[in-house]
Amino acid sequence: MLYQFQFRTYHRKFKRPLHTSHGIWDMRSGIILKLTDEKGQIGWGEIAPLSWFGSESFDQALDFCTSLPTNISEETIFTISAELPACQFGFESALSNSFSGSASILNEAENSRYSGLLPAGKTALSALQTLWQQGFRTFKWKIGVAAIDEELQVFQQLIEAMDDLGDRAPALLRLDANGGLNYSQAETWLNTGDNLLKNPDLSVIIEFLEQPLPVSQFDKMLSLSAVYKTAIALDESVANLDRIQECYERGWRGIFVIKPAILGSPSQLRKFCEIHPIDAVFSSVFETQIGRQAALNLALELFPNSRALGFGTDDWFDDKYHSILDF
Ligand SMILES: O=C(O)CCC(=O)c1ccccc1C(=O)O
Ligand SMILES: [Mg+2]
């Protein structure tokens, strides 16, 4: 089977820039793919690279798309280099025409199944109120952005606010350091999480501390994960399938953050998950509806009862971006 291949680039500005320990991000750029088979059936896909996270860059992905002929085969798609993981995801999902499927059942009325992304700093406090009204009960907050004393102060306010809003089931808070802590700061946050567990009246739990240390400090994260009750999730350390495999082999049995859009080949992830029962949490990289749908389909297929999906990121854009399908 041959497919006619077309693509368009897009650029979307965030409502407000995303502050992480890696810096400030204000524009999401990506590529929408259209594959038309010999019967005229159309499949959509999305390449949403994140080079500061270890995937190929937007320019590398664009060069790859530009280098392809107008008609491509499945073989072309299944032999895309692992050095282009976002391209592997985009083309494979276009092939399975996954802009449909089970994830559409998960509509916005089910925000309790998603984790809502809070902005860094004290803006998190007002964002919490809005997201809570929308039904979210799991939240992610970026740390390692400002001084730790300042962040611990806002954290206390955040916990109190969540506790005040809370009903019977405890609300969950994910702390994402994006590799920006040192060892003693990581211990401080883990102790803080463990201390909350000792307070039975509090209706808030630190679900996990995400990527506390830089990728180079895997062994330290491994030993921390053996000491504290508060779980640790690896994110930057497991940015693609090779790294997931490597961390698994080196003994990681904590949480793996899976960002399908940059992880690489969905079919290879499927094979890995059939063999290895990992504790996974799925996460967005601010893709449009097309990549989002494909990522959520994969999440629901592989982990139907998993932790809250890290796709509560809609509020970060003004537009819904349907116009991109006009080609
Ligand atoms: O995972 C989530 O809940 C939201 C998505 C998110 O935090 C994120 C989005 C883009 C790039 C990096 C990250 C991250 O998890 O570090
Ligand atoms: Mg993260």
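Indexing begins at 1, ligand by ligand and atom by atom, following the structure's order.
Checked against the 6.0 Å centroid criterion, the rings of Phe58 and His11 qualify as a close aromatic pair.
Nearest protein heavy-atom neighbour of atom 3 (O) of ligand 1: Gly310 CA, 3.3 Å. Nearest non-hydrogen protein atom to atom 1 (O) of ligand 1 is Ser283 OG, 2.6 Å. Summary of contacts: the protein heavy atom closest to atom 6 (C) of ligand 1 is Lys140 NZ, 3.8 Å. Closest protein heavy atom to atom 8 (C) of ligand 1: Ser284 O, 3.8 Å.
Considering Tyr114, Phe303, Phe256 in turn, Phe303 is the only one that fulfils the ring-ring contact (aromatic ring centres under 6.0 Å, His included) rule with Phe282.
With rounding to the nearest 0.5 Å, the separation of CG in Leu213 from CG in Leu234 is 10.0 Å.
For Glu38, the CD atom counts as densely surrounded, since its 6.0 Å shell holds more than 12 non-hydrogen atoms of other residues, nucleotides or ligands. For Lys34, the NZ atom sits in a packed shell: over 12 heavy atoms of surrounding residues, nucleotides or ligands are nearer than 6.0 Å.
Contacts of Val257 with ligand 1, taken as heavy-atom pairs under 4.0 Å, are absent altogether. Contact annotation: for Phe311 versus ligand 1, there are no heavy atoms closer than 4.0 Å. Looking at Asn178 against ligand 1, only its side chain comes within 4.0 Å, counting heavy atoms. At a heavy-atom cutoff of 4.0 Å, ligand 1 is contacted by no atom of Leu18, backbone or side chain. The proximity of Leu50 to ligand 1, defined as any non-hydrogen pair under 4.0 Å, is limited to the side chain.
Using a 4.0 angstrom heavy-atom cutoff, Trp52 counts as in contact with ligand 1. Under a 4.0 angstrom heavy-atom cut-off, Phe53 registers as being in contact with ligand 1.
Annotation for ligand 1: atoms under 4.0 Å from non-hydrogen atoms of Asp235 are 14 (C), 15 (O), 16 (O). Heavy-atom proximity to Glu210, at under 4.0 Å, picks out these atoms of ligand 1: 15 (O).
Between the choices Gln211, Glu236, Lys142, the shortest heavy-atom distance to atom 14 (C) of ligand 1 belongs to Lys142.
The Mg ion (ligand 2) has Asp235 among its coordinating residues (N/O/S atom, backbone or side chain, under 2.8 Å).
The distance criterion of under 3.5 Å between nitrogen or oxygen atoms is not met by Arg174 with respect to ligand 1. When only interatomic distances are considered, the shortest N/O to N/O separation between Asp176 and ligand 1 falls below 3.5 Å. Residue Lys259 places at least one N or O, backbone or side chain, under 3.5 Å from an N or O of ligand 1.
Taking the N/O/S atoms of Glu210 in turn, the shortest distance to the Mg ion (ligand 2) belongs to OE2. Nearest N/O/S atom of Asp176 relative to the Mg ion (ligand 2): this is OD2.
Using the six-membered ring where Trp is involved, Phe7 and Phe5 have ring planes that are parallel, under 30° apart on the 30 and 60° scheme.
Contacts of Glu210 classified as side chain to side chain donor-acceptor pair (under 3.5 Å), with partners at least two apart in sequence or in another chain: Lys140.
Under the 3.5 Å distance criterion, with hydrogens and angles disregarded, a donor-acceptor pair is assigned to the side chains of Thr288 and Glu46. Using a 3.5 Å distance cut-off with no hydrogens or angles, the side chains of Lys142 and Thr20 do not pair a donor with an acceptor. Between the side chains of Glu236 and Asn178, at least one donor-acceptor pair of N or O atoms lies under 3.5 Å.
Between Pro119 and Ala124 the shortest heavy-atom distance is O-CB, 3.3 Å.
Checked for salt-bridge contact, Arg307 and Asp279 meet the test: a charged N lies under 4.0 Å from a carboxylate O.
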